[in-house]
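All remarks here apply to the structure that follows.
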Amino acid sequence: MHYADIIVDISHENLDKSYQYSIPEEFREEAIIGALVIVPFGKGNRFIKGYIVDISETAKWKVELIKPIHQIVPNGLVIESQLISLAYWIKETFGATMNDALKTVIPVKKSVKSIEKKTIRLAISAEEAGNYLEVFKKKNNKGRVRLLEAFFSDSDEQPQAIEELDYELAVNKLNIARTTIQDLEKIGIITTKVERLYRNPLSNRETEYESILLSKEQKFIADEIIRDYKAGFRKTYLIHGVTGSGKTEVYLEIISSVIKQGKKVIMLIPEIALTYQTVMRFYKRFGSRISIMNSRLSQGERYDQFMRAKNGDIDIMIGPRSALFTPFKDLGLIIMDEEHESSYKSENPPKYHAREVAIKRGELSGASIILGSATPSLESYKKALQGEYKLFTLPSRNGEGRMPKIWIEDLREELKKKNKSIFSLHLKELIQDRLNKKEQIILFINRRGYAGFVSCRSCGFVMKCPHCDVSLTAHNNGTLICHYCGHEESMPSKCPSCGSKYIAAFGTGTQKVEEMVKKEFPEARVLRMDTDTTKTKDGHEKILSAFANQEADILVGTQMIVKGHDFPMVTLVGILAADLSLYASDYRAAERTYQLLVQAAGRAGRGRLPGEVVIQTYQPEHYSISAASNNDYDGFYKQEMNYRDLLKYPPAAHILAILIASKDENKAIFAAKLLGGAAKEWAETEQITEDTIIIGPAAAVLSKANDIYRYMIYVKQSDYKYLILLKNYLEGYINFSEHFEMCNVQFDFNPMNSY
DNA sequence: AGCACGCCGACT
DNA sequence: GTCGGCGTGCTC
């Protein structure tokens with residue numbers, strides 16, 4: 001016998017509960033995950049709608065109490081069905097529970113109650129109501145009395161009723177039962193009304209037609225994709241366009257064509273990357289038929305935006321990765337801007353990557369996918385080169401902008417010149433020059449992934465793990481630890497490469513840079529942008545607009561300033577320590593460094609004035625730095641791909657990260673060792689030991705958080721499906737063994753962030 | 001959301 | 001007794 005887990009009346013019920021029904025033999029074929037069904041429910045066996053979310057052969061409930069599915073609605077593959085199948089795919093692919101997957105895919109109405117305003121009104125005159133009130137008082141109908149009295153203002157003899165009463169208030173504060181309100185409604189004394197308050201982040205605006213002239217390259221790409229689309233092809237495209245090449249114009253052109261064909265569009269953007277300028281461009285072109293979500297939106301507000309989409313009130317949804325689940329009925333296109341961004345990977349379960357999910361949704365809904373980036377992820381570029389995605393390039397800047405001139409300054413040379421300041425002589429000179437010319441400067445500190453690595457100030461040598469080729473992390477007790485394999489060694493007193501004693505843990509903060517700038521250039525007006533100064537609600541926006549209005553000469557900040565902002569008066573970008581992010585202890589360090597450098601350099605010379613970029617580094621010879629300075633993505637890709645191939649890091653192979661966390665350190669270590677052993681045994685029984693690399697267990701980079709100890713195991717395998725099998729196997733193992741009671745184990749496929 | 005059950009005060 | 005109002009819990 002087959003059984004189906006069914007969620008009833010999705011939009012209302014909370015998704016924690018599913019009910020199991022048996023599948024009659026004649027429905028076996030049609031009963032697929034996502035199907036819309038009719039089932040008998042409750043004591044009266046009244047028929048209600050539901051969706052199949054899972055199918056199994058075991059009954060989780062008393063078999064004699066399981067009812068059969070009454071009917072499977074034909075062509076019931078409505079939008080909810082699509083999203084449920086998507087949830088199931090996410091569950092299978094990224095290893096999560098069906099519940100978690102469903103919750104991310106379908107917005108729950110529960111939290112929406114505050115947005116959906118339900119009110120109670122009197123259906124009769126105040127006078128009549130007064131009469132009823134007297135009757136109820138005599139009969140001692142406390143609930144009814146409380147409800148009616150609420151309509152009259154305090155101790156006023158004259159029956160002067162207030163117009164409406166908040167439903168929530170009546171139920172919670174006045175303690176009136178749902179049934180009481182229903183009864184009164186039946187008698188005809190009151191009526192209830194639901195009002196949905198939609199809120200639109202920006203108010204309606206006239207659509208000014210801004211006709212954009214596309215460059216030849218832009219037009220070529222837009223035309224190709226539009227032609228494919230009209231011919232009925234649904235593909236995945238990768239647009240590799242240098243910073244400032246005008247990818248947005250290409251998107252706009254394609255979007256308007258897709259909308260003209262009656263289809264809807266989802267545009268994904270990385271968190272906080274959406275600037276006011278971009279929003280306005282979309283509004284100007286598409287007016288109020290777009291909706292914008294941001295990560296600050298409450299669940300209720302998000303639900304609201306989704307309902308507008310479902311009702312067909314909008315054509316375009318713009319937002320972070322959760323916008324991917326917008327319930328558009330006829331989705332035609334998903335655009336993913338800055339596809340390399342790590343915020344597209346969810347950090348809590350289900351730990352899905354929006355790129356993979358977008359492609360799957362495209363497949364289910366019949367939509368094309370466009371990925372865009374100035375610095376594509378290796379994953380995407382590899383697929384593009386293999387022909388799985390169609391690749392387009394925009395090699396030059398659009399309009400007035402020219403690619404900036406890039407200088408590399410070797411910081412080891414500066415030390416030889418006895419320049420101990422954080423600015424190279426050349427950078428100082430250029431800063432002074434821009435201050436004189438009243439042009440603007442951005443100073444960028446690369447703090448990404450910084451985790452106390454140890455480097456030599458004299459030769460730039462960095463202490464690395466002999467087994468994993470990631471940098472070692474300095475701990476307070478004077479040892480250096482590799483967070484991939486657990487290798488340990490003691491802190492050297494002099495540099496193993498050149499013998500200099502200038503070897504130490506490294507780091508520079510934004511405040512320190514700000515101080516140094518003020519000391520060196522007392523006349524400059526400086527703005528600082530980091531997590532400290534952007535804590536307030538629109539601190540972010542304030543600093544950026546102040547800088548855009550030229551209220552400051554120099555903007556000092558971390559990676560948050562490199563995201564797609566357009567400051568035409570910026571003609572100099574200084575990257576103070578380009579290699580800092582190279583030594584993050586994870587395999588994506590070089591890729592991230594390349595991305596940061598290119599994006600940061602991309603801020604210079606976006607207006608009429610030509611720009612210059614100074615990259616300061618201890619490692620000018622490193623390929624990620626030299627490639628970034630020459631804008632040589634292909635060169636970078638080849639080198640980095642070599643490294644990944646050699647060490648079997650993604651996309652050369654797939655990696656499963658297993659986090660074992662426990663309050664008790666010994667239990668965490670013990671559990672981690674058990675899991676490591678189980679993984680090894682599993683690989684042996686599957687006969688894939690040659691192709692499976694198990695690393696660890698070792699302490700995580702964040703080895704202890706909130707008094708919880710964290711250990712990691714990494715498993716590398718070229719075939720993704722084996723990693724899923726392994727995860728299922730280990731989950732079974734954990735359930736079976738009693739050594740995991742005090743432990744929390746989490747799985748992450750192809751992680752983007754280090755643990 | 002609907003339905004039933006159990007509790008309580010009021011009235012036959 | 002028993003009826004109607006009220007509050008609560010459950011639905012595979």
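Computed from heavy atoms alone, side chains included, the values below leave out hydrogens, waters and symmetry copies. Each chain gets a letter, A, B and so on, in the order its sequence line appears, and its residues count up from 1.
- The separation between A:N45 atom CG and B:dG2 atom C1' is 13 Å, rounded to whole Å.
- Note: A:F94 and A:F747 fail the aromatic proximity criterion, with ring centroids not under 6.0 Å apart.
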Quick one: which protein N/O atoms are closer than 3.5 Å to N/O atoms of nucleotides 3-8 of chain B? Pair and distance per line, please.
none

Tabulate below the donor-acceptor pairs under 3.5 Å that side-chain atoms of residues 727-734 of chain A make, not counting sequence neighbours, or state none.
from   : atom 1 : to     : atom 2 : distance (Å)
A:K727 : NZ     : A:E731 : OE1    : 3.2
A:K727 : NZ     : A:E731 : OE2    : 3.2

Strictly under 3.5 Å: I want the nitrogen or oxygen pairs between protein and nucleotides 10-12 of chain B, one per line.
from   : atom 1 : to     : atom 2 : distance (Å)
B:dA10 : OP1    : A:N140 : ND2    : 3.0

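- Across the protein-nucleic acid pair, A:I189 atom CD1 and C:dG5 atom P stand 11 Å apart, rounded to whole Å.
- Side-chain rings of A:Y51 and A:Y21 stay apart, their centers remaining 6.0 Å or farther from each other.
- Residues satisfying the ring pair (Phe, Tyr, Trp, His ring centres under 6.0 Å) test with A:F136, not counting sequence neighbours, are A:Y132.
- For A:K67, the NZ atom is densely surrounded, since the number of other residues' heavy atoms within 6.0 Å is greater than 12.
- Atom pair A:R144:CZ and C:dG5:P shows a separation of 5 Å (rounding to whole Å applied).
- The shortest distance between the side-chain N/O atoms of A:R146 and the OP1/OP2 oxygens of C:dG7 is below 4.0 Å.
- Partners of A:Q71 under the side chain to side chain contact (heavy atoms under 4.5 Å, CB included) rule, at least two apart in sequence or in another chain, are A:I38, A:P74.
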Do any side-chain atoms of residues 679-687 of chain A form donor-acceptor pairs under 3.5 angstrom with protein atoms, and if so which ones, sequence neighbours left out?
from   : atom 1 : to     : atom 2 : distance (Å)
A:T685 : OG1    : A:E681 : O      : 3.3
A:T685 : OG1    : A:W682 : O      : 2.8

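- In this view, A:H739 and A:F670 satisfy the ring pair (Phe, Tyr, Trp, His ring centres under 6.0 Å) rule, not counting sequence neighbours.
- The nearest whole Å value for the distance from the CH2 atom in A:W61 to the P atom in C:dC12 is 8 Å.
- Contacts between residues 20-28 of chain A and DNA chain C, defined by a heavy-atom separation under 4.0 Å, are made by A:Q20, A:Y21.
- A:K142 comes within 4.0 angstrom of sugar-phosphate atoms only, judged by non-hydrogen atoms across all strands, and of no base.
- Regarding A:I181, its CD1 atom lies at a distance of 14 Å from the C1' atom of C:dG5, rounded to whole Å.
- Atom-to-atom, CG of A:D183 to C1' of B:dG2 comes out at 13 Å; the value is rounded to the nearest Å.
- Ring stacking is absent between A:Y19 and C:dC12, as the pair misses the limits of under 5.5 Å between centres and under 30 degrees between planes.
- When the C1' atom of B:dA1 is taken as reference, atom CD1 of A:I48 falls 9 Å away, rounded to whole Å.
- When the side-chain hydrogen bond (donor to acceptor under 3.5 Å, both in side chains) test is applied to A:Y711, the partners found at least two apart in sequence or on another chain are A:E665.
- Atom CD in A:E185 sits about 15 Å away from atom P in C:dC6, given to the nearest Å.
- Not counting sequence neighbours, A:S22 has no partner by the side-chain hydrogen bond (donor to acceptor under 3.5 Å, both in side chains) test.
- Within 4.0 Å of A:N175, counting heavy atoms only, lie sugar-phosphate atoms of the nucleic acid but no base atom.
- Looking at residues two or more places apart in sequence or on another chain, you find a side chain to side chain contact (heavy atoms under 4.5 Å, CB included) between A:N750 and A:P650, A:H654, A:I655, A:Y720.
- With sequence neighbours left out, A:V63 forms a side chain to side chain contact (heavy atoms under 4.5 Å, CB included) with A:Y3, A:A59.
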